[in-house]
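So the structure is just underneath, and the comments pick up after that.
Counting begins at 1 with the first residue of the sequence.
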Amino acid sequence: MKVNAQSVNFNADRKLLDFVQNRLDKLETFYDKVISADIYLKVENTSSKENKIVDIRLNVPKDRFIVRKQCKSFEEAIDSACSSLERKLKKIKEMQREKV
């Protein structure tokens, strides 16, 4: 799967980008037809501790899923977003099985 990662208002280190790649690669175990993923990592300028925002756009044939999570750390937000995507991919796979 092709992963495009962009960081807004900060420079992402290699360790964070590797975490993103590894976590998104796990999505292919739930649905093997994933084309690509665009991920946007943002830091919001607020006094709140939960100022890390992760947007993931997952492209699959004939569809696109968009998930946005805001947490205290990027790792936590990425995990939460990927869990949501896992549920969506399982649902699609189940719907395709029922059609056949």
Side-chain angles (χ1 to χ4, degrees):
M1 169 187 1
K2 182 181 173 199
V3 176
N4 268 337
Q6 292 184 0
S7 54
V8 181
N9 297 337
F10 78 103
N11 291 325
D13 64 339
R14 187 82 234 146
K15 191 172 153 184
L16 179 61
L17 296 176
D18 288 341
F19 179 80
V20 168
Q21 182 70 47
N22 290 336
R23 192 62 178 92
L24 288 174
D25 283 343
K26 289 180 184 176
L27 292 177
E28 289 185 317
T29 61
F30 298 101
Y31 190 71
D32 56 352
K33 295 177 182 163
V34 176
I35 300 169
S36 66
D38 299 319
I39 184 163
Y40 300 95
L41 307 167
K42 301 174 189 172
V43 176
E44 201 174 62
N45 290 333
T46 62
S47 60
S48 171
K49 296 234 186 233
E50 292 189 358
N51 65 343
K52 312 292 190 298
I53 301 171
V54 173
D55 285 327
I56 299 177
R57 293 187 182 128
L58 196 68
N59 298 310
V60 296
K62 300 180 185 175
D63 213 349
R64 173 186 287 170
F65 301 115
I66 300 172
V67 176
R68 176 184 213 139
K69 296 292 179 180
Q70 185 168 349
C71 294
K72 292 179 183 175
S73 71
F74 283 115
E75 288 83 0
E76 184 182 353
I78 291 165
D79 267 341
S80 178
C82 286
S83 295
S84 296
L85 288 170
E86 285 172 9
R87 285 192 298 275
K88 288 183 180 186
L89 292 175
K90 285 179 187 176
K91 194 180 232 182
I92 281 195
K93 196 170 188 178
E94 198 62 42
M95 288 171 56
Q96 286 180 347
R97 282 186 190 153
E98 290 174 3
K99 285 183 181 178
V100 174

Mind checking side chain to side chain contact (heavy atoms under 4.5 Å, CB included) for T46 and listing every partner two or more places apart, or none if nothing turns up?
E44, S48, N51
Going by ring pair (Phe, Tyr, Trp, His ring centres under 6.0 Å), name the pairs with one or both residues in residues 51-72, residues two or more places apart or in two chains.
none
Ring pair (Phe, Tyr, Trp, His ring centres under 6.0 Å): which pairs involve residues 36-62, sequence neighbours left out?
none
Non-neighbouring partners of F10 that pass ring-ring contact (aromatic ring centres under 6.0 Å, His included), sequence neighbours left out
F74
Side-chain donor-acceptor pairs under 3.5 Å in residues 11-21, sequence neighbours left out?
unit_1	atom_1	unit_2	atom_2	d
D13	OD1	L16	N	3.3
R14	NE	D18	OD1	3.4
R14	NH2	D18	OD1	3.4
Q21	NE2	D25	OD1	3.0
Q21	NE2	D25	OD2	3.3

If I take atom OG from residue S36 and atom CG from residue N59, how far apart are they, to the nearest 0.5 angstrom?
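Here the rounded value is 4.0 Å.
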Can you tell me how far CG of L89 sits from CD of E28, rounded to the nearest 0.5 angstrom?
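Interatomic distance, E28 CD to L89 CG, rounded to 0.5 Å: 10.0 Å.
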Shortest non-hydrogen contact between [X] and [Y], atoms and distance:
X: V43; Y: N9; value: O-ND2, 3.3 Å
X: A77; Y: C71; value: CA-SG, 3.7 Å
X: P61; Y: I35; value: N-CD1, 3.8 Å
X: L27; Y: C82; value: CD2-O, 3.7 Å

Mind jotting down which residue pairs meet the salt bridge (charged side-chain N to carboxylate O under 4.0 Å, His left out) criterion with at least one end in residues 63-81? Sequence neighbours excluded, please.
R23-D79, D55-R68
